[in-house]
Amino acid sequence: MFINRISRYTSFARWVLFDSLWRWKLSVLTILAASVLGVGFQVAVFGFLLVYAEHFAAGELIQFAGVVVDPRTSIGLSVGGGLAVTMLLLLSALFIYFSHRRILRMRLEYEEFCAKRVFRLLREGGELFSAMESGQGCENYLLRLAKGDSKFAARVLQILLALVIPGVTLVVATTAGFYLEPRLSLIIAVLGSVLLIYQYRVNRLAAHHSMRFEQLAPAASAEYRKLMQHYKHQAGLVVSASMEERLFAGGAVRKQLDARQGRLRSVVNSSLVSGLFTAAVVGLILGIMGVGIIRDGAGWERLLIYVVALRFALTSLQGVFSSLTAINRFYPQVRRYMDFVL
């Protein structure tokens, strides 16, 4: 069962990558370049502040372009550094904005492409109609593919492309953490493996609840329709409210609502565990590094920079997990579309 599930997820991921990302590989490369540059300028700001803080704390002179300045007394360095940081952050914002605009454009283009492909397959292969059950159910199924599932497939593409920025930020911040405190970072990485295991379970449950929600949709719609038809025939009469109470108390409607609640709760649970992990890690850092700083009488600036780097890493990690959870929420719809076009 487990091997079969992994095989299905692998085939699904392969199809999504080749059908969307590889199809517009030039645009994807442009988005990747813009995203990396956007993050790169932020890293440059971080590196500048790191060098400045280390020289300021140690009272060391900074030599740049043949000019030697004292970071503790140089007003020019402070003003010039502030302008440099401002320009770097502006460039970062512009590149990230360009990346987001291109991602949105690709999402709309892919959604249009997926919808057109449904009608193209119907035009080229009329046997699809005869192979499926005729009538209103067939039309609803095809409309759901063209309007709903195409939109969800494009949404997954957008999520995948948006993963670039938090992914690159996570790599850079993690590298900076290991550079500053390798042993402490290794301890945090070991503790983080527990978080990864839990996040895997959350993603699996999110996919399960999404599939359950989709499977119960026809039966739940039938129960809704049955109750509306009953009230339609009882128009003008005094009718007890017990029927809608029974509708939402059990059956397919109740089960579908529970599945939806489980799907939404998985995102909240993921954020909660990440928040608890962040709190524990920050306490660990303050305890271990704080003792060393008090013993050595120096190093507070290093602690501050490490906490900032860790915060970037954990925030980016949470963004990656949230994106993966969102992809699992759309798995049933995109899987249905994939099975149709293959």
task = Compare every heavy atom of Phe98 with every heavy atom of Ala34, then report the nearest pair and how far apart it is.
result = CB-CD2, 3.6 Å

task = Start with the C-alpha distance between Ile327 and Leu160, add both sets of side-chain angles, then the distance that settles side-chain contact (heavy atoms from CB on, under 4.5 Å), and finish with yes or no.
result = CA-CA 8 Å; Ile327 291 175; Leu160 288 174; 3.7 Å; yes

request  = Sort and list the pairs that fulfil salt bridge (Lys or Arg N to Asp or Glu O under 4.0 Å) and have at least one residue in residues 34-52, not counting sequence neighbours.
outcome  = none

query = With sequence neighbours left out, which residue pairs that include part of residues 260-281 fulfil the ring pair (Phe, Tyr, Trp, His ring centres under 6.0 Å) condition?
reply = none

request  = Would you confirm whether Thr174, through its side chain, and Leu170, through its main-chain N or O, come within 3.5 Å as a donor-acceptor pair?
outcome  = yes

inquiry  = Any non-hydrogen side-chain atom of Leu121 less than 4.5 Å from a side-chain atom of Val341?
reply    = yes

ask   = Can you find a pair of side-chain heavy atoms, one from Ile165 and one from His100, that are under 4.5 Å apart?
value = yes

query = Quick one: OG on Ser323 to CD on Gln318, what's the gap to the nearest 0.5 Å?
reply = 9.5 Å

ask   = With the 4.5 Å side-chain cut-off for hydrophobic clustering, are Val156 and Phe152 part of the same group?
value = yes

query = More than 12 heavy atoms of other residues, nucleotides or ligands under 6.0 Å from CZ of Arg117: is that the case?
reply = yes

note = Contacts satisfying salt bridge (Lys or Arg N to Asp or Glu O under 4.0 Å) that involve residues 75-91 (not counting sequence neighbours) are none

ask   = Going by heavy atoms in the side chains, are Phe340 and Leu142 under 4.5 Å from each other?
value = yes

ask   = More than 12 heavy atoms of other residues, nucleotides or ligands under 6.0 Å from OH of Tyr97: is that the case?
value = no

remark   = Scanning both residues in full, the closest heavy-atom pair of Ser316 with Pro166 reads CB-O, 3.2 Å

ask   = Is Trp24 close to Phe113 at the side-chain level, that is, under 4.5 Å between some pair of heavy atoms?
value = yes

ask   = Heavy-atom count around Tyr179 OH within 6.0 Å, excluding the residue itself: above 12?
value = no

query = Does Phe95 reach the side chain of Ser35, with side-chain heavy atoms less than 4.5 Å apart?
reply = no

ask   = Nearest 0.5 Å, what's the CE-CZ distance between Met106 and Arg23?
value = 10.5 Å

ask   = In terms of hydrophobic clusters joined by side-chain contacts under 4.5 Å, are Ile31 and Leu17 together?
value = yes

Stepwise side-chain hydrogen bond (donor to acceptor under 3.5 Å, both in side chains) test for Glu111 and Ser150 = CA-CA 5 Å; Glu111 180 179 347; Ser150 298; over 6 Å; no

task = Look up atom NE2 in His209 and atom CD in Glu214, then write down how far apart they are to the nearest 0.5 Å.
result = 14.5 Å

remark   = When rounded to the nearest 0.5 Å, the distance separating CG of Leu94 from CG of Leu89 is 11.0 Å

request  = Using the side-chain contact (heavy atoms from CB on, under 4.5 Å) rule, take Val172 and Gln42 through it: C-alpha gap first, then chi angles, then the decisive distance, then the call.
outcome  = CA-CA 10 Å; Val172 172; Gln42 294 180 2; over 6 Å; no

task = Side-chain contact test, heavy atoms from C-beta onward, threshold under 4.5 Å: evaluate it for Lys255 versus Arg212 and give yes or no.
result = yes

Which atom of Tyr306 lies closest to which atom of Ser185, heavy atoms considered = OH-OG, 2.8 Å

query = Does the side-chain contact (heavy atoms from CB on, under 4.5 Å) test come out yes or no for Ile103 and Ser99, once each step is laid out?
reply = CA-CA 6 Å; Ile103 290 174; Ser99 173; 3.9 Å; yes

inquiry  = Show, in sequence, the C-alpha distance, side-chain angles and deciding distance for Arg102 and Ser27, and conclude whether the side-chain hydrogen bond (donor to acceptor under 3.5 Å, both in side chains) test is met.
reply    = CA-CA 8 Å; Arg102 290 291 300 176; Ser27 296; 2.9 Å; yes

request  = Show the numbers, then the answer: is there a side-chain contact (heavy atoms from CB on, under 4.5 Å) between Tyr141 and Arg336?
outcome  = CA-CA 10 Å; Tyr141 172 74; Arg336 180 172 55 218; 3.9 Å; yes

ask   = So, do Lys151 and Gln333 sit near enough that their side-chain heavy atoms are less than 4.5 Å apart?
value = no

query = At their closest point, which heavy atom of Ala115 faces which heavy atom of Ala146, and how far apart are they?
reply = CB-O, 3.3 Å

key: Min side-chain heavy-atom separation Tyr337-Val118 under 4.5 Å   = yes

task = Treat each ILVMFWY residue as a node, draw an edge where side-chain heavy atoms are under 4.5 Å apart, and state whether Ile96 and Val43 are in one component.
result = yes

message = When you group the ILVMFWY residues by side-chain heavy-atom contacts below 4.5 Å and let the links chain together, are Val164 and Leu91 in the same group?
response = no

task = Rounded to the nearest 0.5 Å, what's the gap from CZ on Arg144 to CG on Asp149? Could you check?
result = 6.5 Å

inquiry  = Using the side-chain hydrogen bond (donor to acceptor under 3.5 Å, both in side chains) criterion, which residues pair with Arg254? Sequence neighbours excluded.
reply    = Asp258

Side chain to side chain contact (heavy atoms under 4.5 Å, CB included), paired with Leu21, selected from Leu161, Leu29, Val16 = Leu161

note = Here the gap from Leu324 atom CG to Leu163 atom CG, rounded to the nearest 0.5 Å, amounts to 6.0 Å

task = Report the residues that fulfil side chain to side chain contact (heavy atoms under 4.5 Å, CB included) with Arg201, sequence neighbours left out, ordered by chain and then residue number.
result = none

request  = For the pair Thr315 (side chain) and Phe312 (backbone), establish whether a donor and an acceptor sit closer than 3.5 Å, ignoring hydrogens and angles.
outcome  = no

ask   = If you take all heavy atoms of Ala154 and Tyr110, which pair is closest and at what distance?
value = CA-CD2, 3.7 Å

ask   = Given Phe12, which of Phe18, Phe330, Tyr331 fulfils the ring pair (Phe, Tyr, Trp, His ring centres under 6.0 Å) condition?
value = Tyr331

ask   = Which pairs pass side-chain hydrogen bond (donor to acceptor under 3.5 Å, both in side chains) with one or both residues in residues 153-166, sequence neighbours excluded?
value = Arg107-Gln158, Arg155-Gln158

ask   = So which heavy atom on Ala220 is nearest to which on Gln256, and how close?
value = CB-OE1, 3.3 Å

Shared hydrophobic cluster, Phe178 / Ile188 (ILVMFWY, side-chain heavy atoms < 4.5 Å) = no

